[in-house]
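Quick notes on the structure that follows.
Remember, it's 1-based here, ligands and their atoms both numbered in the order they're listed. Being a predicted model, the structure only gives us computed values, none of them experimental.
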Amino acid sequence: MKLWGGRFQKETDALVEAFNASIDFDKRLYAEDIRGSMAHCRMLAACGIISRAEAELIIEGLHEIKAEIERGEFVFSAAMEDIHMHVEKRLIELIGPVGGKLHTARSRNDQVALDLHMYVKKEILATAALIKNLQETLLETAAAHQDVIMPGYTHLQRAQPVLFAHHLLAYFWQLQRDRTRFLESYQRADWMPLGAGALAGTTFPINREMVAEELGFKQLYENSMDAVSDRDFVVEFLANASLLMTHLSRLSEDLILWNSQEFGFVELDDAFTTGSSIMPQKKNPDVTELVRGKTGRVYGHLLALLTVLKGLPLTYNKDLQEDKEGLFDTADTIKMSLTLYAAMLRTLRVNREKMYAAAAGDFASATDLADYLVRKGLPFREAHAVVGRLVAWCIAEKRSLPELTVSELQVHSPLFTEEALPLLTPEAVVAARASRGGTAAAAVAEQLQKAKQALAE
Ligand code: ARG
């Protein structure tokens with residue numbers, strides 16, 4: 001017999017039962033569901049809606065159900081639809097008809113909203129802690145390689161040399177924005193929906209503030225219809241997760257390139273790579289590729305929920321049950337990715353010679369040569385053209401900038417003197433970029449300080 005079976009004359013079709021049920025995935029909400037029910041029950045007693053003795057029985061029963069679930073003894077079945085029905089049905093089995101009083105002044109519509117709010121709040125904090133852990137790893141790796149020079153790229157073409165630490169710290173700041181973005185969204189997940197009833201409120205003299213207080217909610221939904229319809233906080237979580245995955249995916253791409261034989265800048269540890277079933281020599285960066293690949297499903301979950309919500313009339317519609325699987329999968333995916341990335345970066349080996357050779361062997365100092373001519377009085381646009389012709393000459397002659405002599409430079413502009421030569425090394429190019437936020441050692445050291453402060457705040 002269904003808990004809502006009163007007005008029905010037929011059994012539910014078996015296919016409908018299977019199609020309608022959410023228990024396979026929403027059983028993950030059991031702890032939130034039971035905690036919310038306990039708070040609701042205490043409030044009902046405090047307001048004189050049920051007796052103290054009844055509340056005690058109900059709460060004891062709920063403790064027992066939680067223990068049964070955690071011992072793996074609880075029996076789940078599609079016939080009971082979702083976690084809310086399972087708990088209530090079992091409660092009545094355990095303590096008798098008084099268990100049926102728990103659902104007074106409540107609907108599954110405000111109940112599921114409450115559970116989801118509690119879940120999202122928990123996941124925001126867990127995610128922020130894992131982002132912080134990865135930020136710390138990036139900071140440590142950057143601090144340990146403060147003198148390593150590598151090519152910086154635009155268009156994936158060598159552009160100007162940078163410190164490896166500078167490159168890593170760029171990701172630190174992306175994650176800083178991600179972490180604070182998650183934490184800022186917490187305030188909107190922190191609205192308490194219970195007491196909305198099915199949609200319009202309840203006829204019982206409830207105390208919503210009391211429930212909010214017990215469950216640690218900052219504020220109440222002021223509109224019962226909004227309370228049972230709102231999934232904005234889930235959308236925000238998915239959007240924040242999407243941007244986080246964008247950043248991890250870009251980091252993945254950098255690591256995959258650097259770890260390739262063609263670059264050889266870093267080597268991922270054996271423990272974080274896998275082999276090939278056919279090619280014995282292979283050591284593949286699967287973790288980074290999977291993080292890049294899983295970005296797709298996280299974006300998909302965001303778009304799926306936006307599509308579910310679009311055009312949905314107020315208030316609760318069963319469509320909203322589709323909010324959960326994507327959310328759970330997203331929370332799992334980002335937590336796993338963040339955890340793996342921190343562990344993987346800690347074991348990363350850095351090949352400073354390869355990085356340096358790539359930064360030195362090219363035209364990475366071309367901008368600095370042009371800047372030199374500017375300091376000698378040439379307008380930048382003309383200086384750009386002079387150095388452009390110099391580079392073309394070098395390419396034809398198979399020469400690199402750092403090996404040029406003054407006389408070779410002077411063929412292209414009489415403004416070049418001996419002073420120009422030391423500007424051509426990667427060290428000089430890096431050191432020259434001392435502007436705030438630039439790649440010079442002192443600027444990066446200052447940035448490291450700022451990053452540490454940002455983590456401490
Ligand atoms: N399993 C449902 C969900 O996840 C719970 C709420 C159901 N409410 C209802 N009136 N059918 O959305």
Side-chain angles (χ1 to χ4, degrees), residues 1-8 11-13 15-37 39-40 62 65 69 74-91 100 102-123 189 191-203 211 221 224-235 237-238 301 304-332:
M1 185 61 170
K2 297 265 189 303
L3 290 176
W4 41 253
R7 65 102 70 214
F8 287 82
E11 292 288 308
T12 317
D13 183 275
L15 262 182
V16 172
E17 214 156 63
F19 188 62
N20 200 38
S22 52
I23 187 61
D24 278 352
F25 46 89
D26 70 15
K27 62 180 163 209
R28 280 178 66 146
L29 294 173
Y30 81 90
E32 285 79 15
D33 197 67
I34 290 175
R35 203 173 148 223
S37 284
H40 178 65
L62 289 171
I65 293 168
I69 294 175
F74 193 93
V75 186
F76 295 101
S77 91
M80 267 305 117
E81 208 174 320
D82 57 25
I83 187 65
H84 326 295
M85 294 298 212
H86 273 80
V87 172
E88 190 181 334
K89 169 97 182 323
R90 181 72 184 132
L91 184 67
L102 172 62
H103 210 53
T104 312
R106 186 175 75 170
S107 154
R108 272 188 297 160
N109 298 350
D110 54 351
Q111 185 180 358
V112 72
L114 176 69
D115 294 1
L116 214 55
H117 276 273
M118 290 164 76
Y119 173 83
V120 167
K121 283 171 65 178
K122 180 182 80 182
E123 291 302 323
W191 295 24
M192 210 291 292
L194 205 72
L199 76 160
T202 170
T203 58
V211 174
Y221 275 91
S224 61
M225 298 179 79
D226 183 35
V228 293
S229 311
D230 177 30
R231 295 294 183 273
D232 294 357
F233 63 105
V234 182
V235 172
F237 186 87
L238 299 178
H301 296 320
L305 183 59
L306 285 170
T307 310
V308 165
L309 295 175
K310 179 193 172 295
L312 207 60
L314 298 187
T315 55
Y316 182 85
N317 299 270
K318 191 73 172 207
D319 314 45
L320 290 176
Q321 183 166 285
E322 287 293 309
D323 59 4
K324 286 172 207 62
E325 286 160 288
L327 170 63
F328 296 157
D329 184 63
T330 297
D332 293 345

Checklist entry - Which parts of the protein, at residue level, reach under 4.0 Å of ligand 1 through a heavy atom? => result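 Close residues (ligand 1, cut-off 4.0 Å): Ser22, Asp26, Asp82, His84, Arg108, Asn109, Val112, Tyr316, Gln321, Lys324.
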Just wondering, do [Y] and [X] contact through their side chains at under 4.5 Å, heavy atoms?
| X | Y | result |
| --- | --- | --- |
| His103 | Leu3 | no |
| Asn20 | Lys318 | yes |
| Asn109 | Leu199 | no |

Next on the checklist: Once salt bridge (Lys or Arg N to Asp or Glu O under 4.0 Å) is applied, do any residues pair with Asp24, and if so which ones, sequence neighbours excluded?
Outcome noted: none
Checklist entry - Can you name the residues that form a side-chain contact (heavy atoms from CB on, under 4.5 Å) with Ala18, not counting sequence neighbours? => result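 If we apply the side-chain contact (heavy atoms from CB on, under 4.5 Å) test to Ala18, skipping adjacent residues, there are no hits.
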Checklist entry - Of all residues at least two apart in sequence or in a different chain, which pass the side chain to side chain donor-acceptor pair (under 3.5 Å) check with Ser37? => result Arg106
